[in-house]
Colleague: 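Mind looking over this structure? Questions follow.
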Number of protein chains: 2
Amino acid sequence: MLELRLVQGSLLKKVLEAIKDLVTDANFDCSATGFSLQAMDSSHVALVALLLRSEGFEHYRCDRNLSMGMNLNNMAKMLKCAGNDDIITIKADDGSDTVTFMFESPTQDKISDFEMKLMDIDSEHLGIPEAEYHAIVRMPSAEFARICKDLASIGDTVVISVTKEGVKFSTRGDIGTANIVLRQNTTVDKPEEATIIEMNEPVSLTFALRYMNSFTKATPLSNTVTISLSSELPVVVEYKIAEMGYIRFYLAPKIEEDEDETKPQV
Amino acid sequence: MLELRLVQGSLLKKVLEAIKDLVTDANFDCSATGFSLQAMDSSHVALVALLLRSEGFEHYRCDRNLSMGMNLNNMAKMLKCAGNDDIITIKADDGSDTVTFMFESPTQDKISDFEMKLMDIDSEHLGIPEAEYHAIVRMPSAEFARICKDLASIGDTVVISVTKEGVKFSTRGDIGTANIVLRQNTTVDKPEEATIIEMNEPVSLTFALRYMNSFTKATPLSNTVTISLSSELPVVVEYKIAEMGYIRFYLAPKIEEDEDETKPQV
DNA sequence: TTTTGATAAG
DNA sequence: CTTATCAAAA
């Protein structure tokens, strides 16, 4: 028996909007810890890890660990039927091959239940080692989304370079080049507008903008985003989910091309 | 000679937006009673009936009964040229094969007139008998529109079931099932937010969501919608038009399939 | 071109 | 939170 009651149902709606384009099918894992998901994107390049801690739910009952395979597009369709102020309850009976989403309007005048078939998905749950990062950038999530969108109109990849002075996002394409530099800035009115750079070592890594722009679908979940970089390691793009957990995206850097070998794949 | 002056011109704009997708050509009938229309949709499944009473017009001159065949898409195109605050006057000379729409801006600084060719349409004017309904549900029109839209993302048909406790909208599709229950609720701040159920007898009927979602195009005309149900009878979905009349949609129920004959057409 | 979703303003 | 305007997708 599983019954998870989430008062701020819009959180779950946003989570699905954030990952449904990246991952089509995935197992949601329920345990005493919380409601979590770990999955590779369909082309096995990026990894998404979600955690909604049990403490964030108004009611969290999970008699035993349960892994529920869901088609995320279908799940997103159903969650779209919930109002933004609805309370969402996720229910599943032991051994059942369905999951039920119940939506309660704030006034309790409208109660909806949506039942969805579960799927069998074999997933390798990767242990993600805690790593030391050369640099960690924390910045407004909307700013990061804007930069990734803007750069994607020029080129396909972004070079993220961190020095003590700031973080630079660069791209290069047929029509020209672009460089966006954000300097460290902690002296703003609101803390979520700050750009904070923790750097142990300068680092410069290249990533596919296509994936970065998928990650920024999570922007509505948090005002800030944290980008953790180390050479040779996948970047971690993390959006904290207030009071509940996080959604983290991992993406391996591209091996830097030589300057005169631009676009060898074309 | 026909001359109808409607101060709240936006009403006529909304009426045409509401029916132009359902009905392509129709006769508008003018009499001393008012300006009315009755037409089947193009696939002869649904019926729409409109009445704008003469008392609702600032000026209503209709020397003799007149039936004017119009292409509703063309009429809607012209009405889109009227501002939302414009006063609309409909004019036609006896024996003329055209109708003129005149738009006056509130300040009288802009006066437009659009002349449209009339068409010959043979229409059978059906007498619609007043019926006793097993159940009549009155609810916020936006809520009804939201429900029909949400359910259409899951299935093709909706089962509307009324009991004393409330009204249930259910559907079933490839990805799962959905049930939305609205309980009777008269204790709200604003009367237009109430859900009122008048029930003589429980009733449960099935309808094509495609048509329901056409009907909800009339949502901007009224804050509330009335759904009248009887077994064996077409449902009536009515939007009252303030001070003027109504727009009513009629749709025959589908014959309920047996449980084990789901999707016999596949 | 038309319909639907997103976003910004009230 | 609702509505109006605009942009993207079918």
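In what follows, chains carry the letters A, B, and so on, assigned in the order in which the sequence lines appear, proteins first and then strands, with residues in each chain numbered from 1.
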Colleague: Could you check whether any side-chain heavy atom of B/I241 comes within less than 4.5 Å of a side-chain heavy atom of B/L52, counting everything from C-beta outward?
Modeller: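 With C-beta onward as the side chain, the pair touches.
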Colleague: State which of D/dC1, C/dG5, C/dT3 makes the closest approach to the side chain of A/D85.
Modeller: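 In terms of side-chain proximity for A/D85, the closest of D/dC1, C/dG5, C/dT3 is D/dC1.
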Colleague: Count the heavy atoms of every other residue, nucleotide or ligand shown that sit under 6.0 Å from CD of B/E115, and state whether that count exceeds 12.
Modeller: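 More than 12 within 6.0 Å, yes.
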Colleague: Mind calculating the distance between CD (B/E192) and P (D/dC1) to the nearest angstrom?
Modeller: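 Atom CD in B/E192 sits about 18 Å away from atom P in D/dC1.
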Colleague: To the nearest Å, give me how far apart CG (A/L79) and P (C/dG5) are.
Modeller: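 Distance check: A/L79 CG to C/dG5 P gives 15 Å.
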Colleague: Starting from the 5' end of DNA chain C, give me the residue, B/K77 or B/K149, whose nearest nucleotide shows up first.
Modeller: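 Nearer the 5' end of the strand: B/K77.
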Colleague: Specify the separation, in whole Å, of atom NZ of A/K13 and atom C1' of C/dA6.
Modeller: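 Those two atoms, NZ and C1', are 13 Å apart.
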Colleague: Can a side-chain donor-acceptor contact be found between A/S43 and A/Y211 if the only test is distance below 3.5 angstrom?
Modeller: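 On atom types as modelled, these side chains qualify, holding a pair under 3.5 Å.
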Colleague: Atom CD of A/E17 to atom C1' of C/dT7: distance rounded to whole Å?
Modeller: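 Going from CD in A/E17 over to C1' in C/dT7 covers 15 Å.
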Colleague: Would you check if the distance from the ring center of A/Y239 to the ring center of A/Y246 is below 6.0 Å?
Modeller: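 A/Y239 vs A/Y246: aromatic centres not under 6.0 Å.
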Colleague: Mind checking if A/K80 touches a base, just sugar-phosphate, or nothing, with heavy atoms under 4.0 Å?
Modeller: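 A/K80: no heavy atom of the nucleic acid under 4.0 Å.
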Colleague: Tell me: CG of A/N84 to C1' of D/dT3, nearest whole Å?
Modeller: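 Atom CG in A/N84 sits about 15 Å away from atom C1' in D/dT3.
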Colleague: Students often get this wrong, so: under 4.0 angstrom with heavy atoms, is B/N213 touching a base, only sugar-phosphate, or nothing?
Modeller: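 The residue B/N213 makes no contact with any strand.
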Colleague: Could you give the NZ-to-C1' distance, from A/K20 to C/dG5, as a whole number of Å?
Modeller: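 Computing the A/K20:NZ to C/dG5:C1' distance gives 11 Å.
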